[in-house]
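One structure below.
This structure is a prediction, so every number in the text was calculated from the model and none was measured. Numbers restart at 1 for each chain; the letters A, B, ... are given by sequence-line order, proteins then strands.
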Protein chains: 2
Amino acid sequence: MKRHNQANEEIRGLVDQKHPTIQDVARHANVSTATVSRALSQPGQVSKAARERVTRAVSETGYIVNQAARSLRARTTRTILVALPDISNPFFSTILDSIERTIADRGYATLITNRGRGSKPHERLAGHLRSNRADGIILMDGLADLADVLRLYGPGDTAPVVIACEAIENVNLPTVKTDNQGASAIAVDHLAKLGHRRIGHVTSPAGNVLGRERGRGFRDGLIAHGIEFDPILETEGDFKAESGARAAQYFLGLDHPPSAIFCDNDIMALGLISELRSKGYSVPDDFSVVGFDDIEVAARLSPPLTTMRQARPRIGFLAANALIDIL
Amino acid sequence: MKRHNQANEEIRGLVDQKHPTIQDVARHANVSTATVSRALSQPGQVSKAARERVTRAVSETGYIVNQAARSLRARTTRTILVALPDISNPFFSTILDSIERTIADRGYATLITNRGRGSKPHERLAGHLRSNRADGIILMDGLADLADVLRLYGPGDTAPVVIACEAIENVNLPTVKTDNQGASAIAVDHLAKLGHRRIGHVTSPAGNVLGRERGRGFRDGLIAHGIEFDPILETEGDFKAESGARAAQYFLGLDHPPSAIFCDNDIMALGLISELRSKGYSVPDDFSVVGFDDIEVAARLSPPLTTMRQARPRIGFLAANALIDIL
DNA sequence: CTGTTAGCGCCTTCAA
DNA sequence: TTGAAGGCGCTAACAG
């Protein structure tokens, strides 16, 4: 009868998710739960004999630590939240890829959240931290009002937050990003050296800090070649292909269209080029176009899109490591 | 002195993250913690008066429930794990986008994990469930050996898992995916109707179940037009652009190259087309190409890539809802 | 090096 | 409708 029950329990253990706890392991190994706990997290502090018995007991029982209990007790979740403006954008998803890899390699889990169109994204982010769901945030979304929350969270810009590919004004948190201003100036330099004097610009959405940096670089590039900045050659985009197509229509409608166009990202450049071609123009013969990001498909276009590379895998790697080092 | 301490504590509450607990709320509202708990999760069971006082106390204290404590007690995490083979692939990241939105709308959090090159991915997934990190999994990665774990997890294919855009043989879990076989047949039909009789195929990696379905559809399409299947016109890809380029070289090296090519995904089609063009061939004049997925850039190419659409937002939406309904 | 003990914050019986 | 009390599984003092 006893045996029968025991067998049943083993089956139930597998089938009904009666997960073994640290107590079961302790019993199997003939040690206290404290020793099991230590054997698992600070093996150095446990005798070799005990360590081995615990290891065996763990595999015998199939024990896996209950993260909820550990988080509650240790006030740490080993989880990092990645806040993105748009996961489906290949620029971000490539960075996310390397962030996730780095986070996983260091034994953390990755929680993600897309920008909600809904209310108070900054509260949602802070909520993840405060509700003990995540230990830190990698922020790829530049929400202006987040600054307040972050500052509130810790004195002296101390929140466990690393900013990647973004910039938030008035906040002095660790940041990993491309030199947008410099790269944009180089893009313009490239076009000017091809002989272009009327250079158009499809900008980032208004208010985007990166966009301001790229705008400054764009003007730097013009100045370096003695070209006067003409606001009529600048039109606002939103980082999506459709806005690139609209920009093409805008430029074609001008009395004096530009002969070259710098787009603040590749996706808009794609939309712009496809619209120009559908109107019968050739790129690069009629218009030279330069994008930004170097998303994967850029090199696979015919001919390939000229673009400013952002070292995305490296950005992700650095940001993730920086955050975990802080924690 | 008392006041002083109190003030200090309030400041510390903001600065040092001494998060208010349910006890603090209870004290503010002059009720027991049980009442607070009920007021928050089953408002119906609490008198209106108490409910209002609790609500006020919550906003006074800035209380946020501690998820770790709740998970420990309630054995539920309100978190879903999404397992992807490759986040940076725009096909998956677009689905992920809609999954995340749906999950968030239903009050859950989204944990992600990329396929590790490392050991035992199936154990890692099961571990997330068993370690009380996630309540369920949306699986977009068809790992053969996962079948065992899943079956182990619950009798009768009962694991809290929904499969999206994949198929695992011998497992009968809820699955959301495109009719790959039918869609592939349609692609071939399209090419045959253009007059092509030698149709090439860049396949999925060997062992991929979706790939087998698409392969069947490819042959169905040939049969429907009385074309005999010729294995020499089939070459294996791995869903990446580079393998599409290799396929182009392979086809060009044949004695009788195909005049049309069906690619198992758009990215490979991109690589193939760019390689063909770089060798001086025109698409679509010299070769007709059809892709699969309809990733965003497909429509922005010049001319646009013909492709079989997968309704990705809908797939994500359905999969996420199906899983949460199960939970 | 190891065990005992005391909670972490929450939810949920059980009684009133 | 409400409160008191116990315990989810774990870790971190504190002793020994």
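Between B:Ser41 and C:dC11 there is no side-chain N or O to OP1 or OP2 distance below 4.0 Å. Contact between the side-chain N/O atoms of B:Thr21 and the OP1/OP2 oxygens of C:dG9 is not found at any separation under 4.0 Å. An OP1 or OP2 oxygen of D:dC10 is reached within less than 4.0 angstrom by no side-chain nitrogen or oxygen of A:Ser71. Within the 4.0 Å cut-off from OP1 or OP2 of C:dG3, at least one side-chain nitrogen or oxygen of A:Thr35 is found.
With rounding to whole Å, B:Leu72 atom CG is found 17 Å from C:dG7 atom P. One can place CD of B:Gln67 at 9 Å from P of C:dC11, the figure rounded to the nearest angstrom. Look at CZ on A:Arg53: it is 15 Å from P on C:dC1, rounded to the nearest Å. Atom CZ in A:Arg73 sits about 18 Å away from atom P in D:dG7, given to the nearest Å. Atom NE2 of B:His19 and atom P of C:dG9 are 10 Å apart (whole Å). In this structure, B:Leu40 atom CG and C:dT12 atom C1' are separated by 15 Å, rounded to whole Å. Per the geometry, CD1 belonging to B:Ile22 stands 11 Å off P belonging to C:dT12, to the nearest Å. In this entry the distance linking CG of A:Asn30 with P of C:dT2 reads 13 Å, nearest Å.
Within 4.0 Å (heavy atoms only), A:Arg75 reaches sugar-phosphate atoms of the nucleic acid but no base atom. Residue B:Ala74 is classed as having no contact, given no heavy-atom separation below 4.0 Å to the nucleic acid.
Residues B:Ala50 and A:Asn66 each lie close to DNA chain D; by heavy-atom proximity, the contact nearer the 5' end of the strand is made by B:Ala50. Between A:Thr33 and A:Gln45, it is A:Gln45 whose nearest contact on DNA chain C lies nearer the 5' terminus.
Under a 3.5 Å cut-off, the side chain of B:Arg51 and the backbone N or O of B:Val46 do form a donor-acceptor pair. Between the side chain of B:Asn208 and the backbone N or O of B:Pro205, no donor-acceptor pair lies under 3.5 Å. Looking at B:Arg312, its side chain never comes within 3.5 Å of a backbone N or O of B:Ile95 through a donor-acceptor pair. A donor-acceptor pair under 3.5 Å is formed between the side chain of B:Thr77 and the backbone N or O of B:Asp135.
Comparing D:dT2, C:dG9, C:dT2 against the side chain of B:Ser47 picks out D:dT2 as the nearest.
No N or O donor and acceptor, one from the side chain of B:Arg70 and one from the base of C:dC10, sit under 3.5 Å apart.
Of the N and O atoms on the side chains of B:Arg314 and B:Ser98, not one donor lies less than 3.5 Å from an acceptor on the other residue.
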